[in-house]
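For the single chain, residues carry numbers from 1 onward in sequence order. Side chains are part of it too, since the values below use all heavy atoms of this structure and drop only hydrogens, waters and symmetry mates.
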Amino acid sequence: MDYMNSGLRYTPKQDKDWDTSVQFLPASDNKKLEKKKGLGKAGAVIGVVIFAAVIALMTGLLVWHFHFRKDVRVKKVYTGSMRITNQVFEDAYENSNSSEFKALAKQVTLQLKNIYSKSPQLAKYYVGSTVQAFSEGSVIAYYLSEFNVPVGQEAAVDNAMSSMDKLVDKEQRTLYRRGNALVLEDVVSSALDARMFSSSFSSFFKFSEHTRTNHIGQIQSPGFPDRPYSPNTFIQWQLRADPNYVIKLEFETMNLEENCKNDFVKIYDSLVAIESRVMEEMCGYYLPSEPLAFLSSGNVMLVTMATDEDMNYPGFRAQVSQIPRGSKATTCGGQLMGEKGTFSSPNFPNYYPPRTSCQWSIQVPDGKAVKVTFKKFLMSEPGQDYSKKCRKDYVEVNGKKLCGDKPDGTVTETSNTNTMTVMFFSDASYVDRGFSAEFEAIDITDPCPKQFQCKNQRCIKLELKCDGWNDCGDLSDELNCKCSSKDISCKNGLCKPMFWKCDGVDDCGDGTDELDCGVCKSGQITCKNNKCVSEKNRCDGRDDCGDGSDELDCGRNSDVSCTDLTYKCKNNKCISKVNPECDGTQDCDDGSDEENCDCGRSMFKTSRIVGGQDAEEGEFPWQVSLHVKNYGHVCGASIISPRWLVTAAHCVQDDGRTRLSQPENWEAYLGLHTQRNIAPSVVKKNLKQIISHPNYNHYTYDNDIALMELDSPVTYSDYIRPICLPAAQHDFPAGNTVWITGWGATREGGFAATVLQKAQVRIINHSVCNDLMAGQLTSRMLCAGILSGGVDACQGDSGGPLSSPTGTHMFLAGVVSWGDGCARRNKPGIYTTVTKFRGWIQEKTGV
């Protein structure tokens, strides 16, 4: 009955379709049915009717009983562990086939049965238990118990199993226990993840690995890397270390299906899949350079993998080793002294171990105070609401608990004396990367010299106060401000940048920035051409707006008149759905809206680098670095096909010294992440031709777009992929959040960032932006401003992409053109609107 052992062929007892304890109706008394004298034919008729009614009633009851009142039951499986304090671990307990293992396992299962018998909710549904493994300490037993539970009683059984420790205490206090009964403590139990006993599994595998000192073992998904892992398979790896050692599990490669509901790997701080001991659940594709190393709290660990029937991927490979308990990676805390210093959670930047607590005592010179700044803070757990108390993993400073994910450097704590205590705690389930922090001695009377001190003790530049940006993180730098004429003066006293006005987002918090936007009255809708029509006219089949916008997204995808706003399928039929391309739903009859959708996606699982501006490697695989030969990086570009790039026309204008319009003067670096670091994933290409838009105006930057053809097609990889080109009708509304990326160089060759940078920006209302830019915008330009305040470095790059997320794909909304191409604070960037040139791009490239 061992669901997790090799060859897991155990199947539960089959439920019956009826309850055998129910009695049938008793037979009728024949004498009562005898015909009495004098009743005649009428009596006979009445008797027949009554008899027929009784038969019908009996038949109905039997049909109800057998057909409708089925005793429907569900299989519930629970896993757990318990410490046996009156036993000593023997090496033979590692082998489930040894007589010693079997003897102790029998004792455990008998005692489990006795424990469950103490609970009425459990005893009547109990099927049986199996012991999965034993480990040191004195002896820890890992078990699995199965119950056959009537539908509707699952919660009662869950509740009873959650009190397993009380049931064990009750059993341990029994007066008439056998002399050789096991003494139990530290009882843990939880319901098994239902995905792990799926009836669809066709194969089961179980592996064991006992690590040794100065030895690195290896585990991997079957077939890796030569072939994809098998479908409908459940696999487990039981990992052990020597006593007084912990296990280090380090993934070299993790490449599974993207959705964890389909294929997943789960790691447990246990030898059985106890959900209250799960350390992490993983799926998708992780960067090879991203640290994925886990430490156990004891000397055991379990790795499980489950796959469904679809889309099998390469799988994973991991190294297994053991490190001594008490080594640097497993410990934390201690005394920290001096003017400044650093400290971090154990194993940082890898995952900290579960069930860990430690304390740092920090002391700086007398007369000074301690200031701690958390440079990285990543301590979150699935399903937790961090706006409330930190109920799971946390850091405690000055009596205040901190948890969740925090932007880099925004969490600071200051003491009132020259000492401070910092505590770190992780519970038994789910681990994270933890934190890195620095402490410094500060002047108590002037903690932020020549700077503004936020309410949360953070120090910021004086010029950042009252500039409309929440630089402190707690908004204290934006309170009690007098707004300048260039800002929105919110009714609640806040100041906000003018380019947030009328973008459909309530930035003030009281709606001030969305007033006087020409919005239509209540009961009306605003057309794309700003005309107002009654809401009753929406989706009535008539073009009341005059531009057809009142008939968009009406759920009718056939017989729709084609307009400039409707999506045209390949068969020239139009649909009213807005942005139907590559959304996973076939809207066109010919399926053309879902063609060529292998674009606009990073192959890697995006990491949570909170507040960071460095892009992750492979995060924007369509980004290109354009180099002028013998000079270096000058502009950015975007990959749209194996042969074609899109860039800005102003990047390829002859400047007198260099003929930038000629392809032989350029080199394109695809897959590049760090300038001057030509990794194996980088491909350098020469150009075959450059096509600048014929109507480009170098005075106004109108029609600022150009195409580049590579001298040979590039092969796509994890680091080189195209971005999706939007249809001419694709809508990028004001207020949408988009991404600008680049190495920070301008067309003139300004100072470039070494690592690819990214910044979140928001599309700005066109008329508001046109006013801000003194009427210089044309209909072929769009505006975007940066979301995060305090960005000092240049975040954009002429010719590079403005990437707009739509569903699971990124679309090329714009090309970095002019204004402040670096999208600096309070200065919106101007971008070439790609939808306006969709026909021209297709004509020249066929894409």
Side-chain angles (χ1 to χ4, degrees), residues 371-380 385-390 394-395 397-415 435 437 442 446-515 608-613 735 737 759-762 764 768 784-792 795 823-828:
K371 180 180 180 181
V372 169
T373 303
F374 291 91
K375 295 298 185 182
K376 291 283 183 186
F377 196 100
L378 299 170
M379 292 185 62
S380 63
D385 182 1
Y386 293 108
S387 62
K388 299 179 181 177
K389 294 179 180 178
C390 298
Y394 62 84
V395 171
V397 189
N398 292 339
K400 180 167 67 176
K401 289 183 178 179
L402 307 168
C403 55
D405 293 349
K406 309 292 185 185
D408 295 355
T410 59
V411 179
T412 59
E413 294 292 334
T414 306
S415 68
F435 70 86
I442 60 168
D446 187 14
C448 295
K450 297 183 180 179
Q451 291 185 303
F452 174 78
Q453 184 179 20
C454 307
K455 193 174 180 181
N456 60 11
Q457 312 303 320
R458 191 181 183 194
C459 301
I460 63 170
K461 295 177 182 178
L462 286 172
E463 56 265 29
L464 299 182
K465 180 169 168 55
C466 296
D467 67 346
W469 301 97
N470 179 15
D471 298 288
C472 285
D474 61 4
L475 209 62
S476 55
D477 57 314
E478 297 303 313
L479 300 177
N480 306 315
C481 294
K482 185 178 180 181
C483 304
S484 74
S485 59
K486 295 180 181 179
D487 291 330
I488 302 168
S489 182
C490 305
K491 289 181 180 177
N492 58 15
L494 296 177
C495 307
K496 292 293 175 183
M498 188 60 72
F499 55 75
W500 286 166
K501 186 171 176 62
C502 299
D503 65 354
V505 180
D506 182 6
D507 295 286
C508 285
D510 61 8
T512 309
D513 54 309
E514 298 305 310
L515 296 176
R608 302 164 314 158
I609 304 298
V610 180
Q613 293 301 323
T737 299
Q760 232 178 355
V761 295
R762 193 195 294 168
I764 299 169
V768 169
I786 200 160
L787 283 179
S788 52
V791 179
D792 297 321
Q795 299 298 324
R824 285 182 183 157
R825 146 194 212 113
N826 290 330
K827 294 180 181 178

### Task
Spell out, as yes or no, whether a donor-acceptor pair under 3.5 Å connects the side chain of Asp487 to the backbone of Ser489.
no

### Message
If we ignore hydrogens and angles and just use 3.5 Å, is the side chain of Glu478 paired with the main-chain N or O of Gly468 as donor and acceptor?
### Response
yes

### Message
Could you walk me through whether Asp506 and Asp513 satisfy the side chain to side chain contact (heavy atoms under 4.5 Å, CB included) test, starting with their C-alpha distance in whole Å, then the side-chain angles of each, then the deciding distance to 0.1 Å, before giving a yes or no?
### Response
CA-CA 7 Å; Asp506 182 6; Asp513 54 309; 3.5 Å; yes

### Summary
Heavy-atom closest pair (Thr410 atom, Arg458 atom, distance to 0.1 Å) is CG2-NH1, 3.4 Å

### Message
Any non-hydrogen side-chain atom of Asp503 less than 4.5 Å from a side-chain atom of Glu514?
### Response
yes

### Message
Has Asp408 got a side-chain atom pairing as donor or acceptor with Lys376's backbone, closer than 3.5 angstrom?
### Response
no

### Query
Taking it one step at a time, do Val411 and Thr373 satisfy side chain to side chain contact (heavy atoms under 4.5 Å, CB included)?
CA-CA 6 Å; Val411 179; Thr373 303; over 6 Å; no

### Query
Does Asn492 reach the main-chain N or O of Cys508 with its side chain, forming a donor-acceptor pair under 3.5 Å?
yes

### Query
So, Lys501 side chain and Leu515 main chain: donor-acceptor pair closer than 3.5 Å or not?
yes

### Task
Would you indicate whether the side-chain heavy atoms of Trp500 and Arg762 approach each other to under 4.5 Å?
yes

### Message
Test disulfide bond (SG atoms under 2.5 Å apart) on Cys454 and Cys472; report intermediate values, then the result.
### Response
CA-CA 6 Å; Cys454 307; Cys472 285; 1.9 Å; yes

### Query
Are any non-hydrogen side-chain atoms of Gln457 and Lys371 less than 4.5 angstrom apart?
no

### Task
Measure the shortest side-chain to side-chain distance between Pro497 and Trp469 over non-hydrogen atoms and say whether it is less than 4.5 angstrom.
yes

### Query
Of all heavy-atom pairs between Ser380 and Asp405, which one has the smallest distance, and what is that distance?
OG-OD1, 3.4 Å

### Query
Under the 3.5 angstrom rule, does the side chain of Asn398 hit a backbone N or O of Thr414 as a donor-acceptor pair?
yes

### Query
Any chance the SG atoms on Cys466 and Cys481 come in under 2.5 Å?
yes

### Residue pair Lys496 / Cys490, side-chain heavy-atom distance below 4.5 Å
yes

### Task
Specify the closest pair of heavy atoms between Gln451 and Cys459, including all atoms of both residues, with the distance to one decimal.
OE1-CB, 3.4 Å

### Query
For Asn480, does the CG atom sit with more than 12 other heavy atoms under 6.0 Å from it, leaving out its own atoms?
no

### Query
Just wondering, do Thr412 and Phe374 contact through their side chains at under 4.5 Å, heavy atoms?
no

### Query
Which pair of heavy atoms, one from Ser476 and one from Asp474, lies closest together, and at what distance?
OG-OD1, 2.6 Å

### Nearest-0.5 Å distance, SG of residue Cys495 to CG of residue Asp467
9.0 Å

### Message
side chain to side chain contact (heavy atoms under 4.5 Å, CB included) for Val761 and Thr737? Distances and angles first, verdict last.
### Response
CA-CA 6 Å; Val761 295; Thr737 299; over 6 Å; no

### Query
Hey, does Thr512 have a side-chain heavy atom less than 4.5 Å from the side chain of Asp507?
no

### Summary
Value for CE (Met498) from SG (Cys483), rounded to nearest 0.5 Å, stands at 9.5 Å

### Query
What are the two closest heavy atoms between Phe499 and Gly785, and how far apart are they?
CE1-CA, 3.9 Å

### Query
Is it true that the NZ or CZ of Lys401 lies under 6.0 Å from the centre of Tyr394's six-membered ring and within 45 degrees of the ring axis?
yes

### Query
Do the non-hydrogen side-chain atoms of Phe452 and Leu464 ever get within less than 4.5 Å of each other?
no

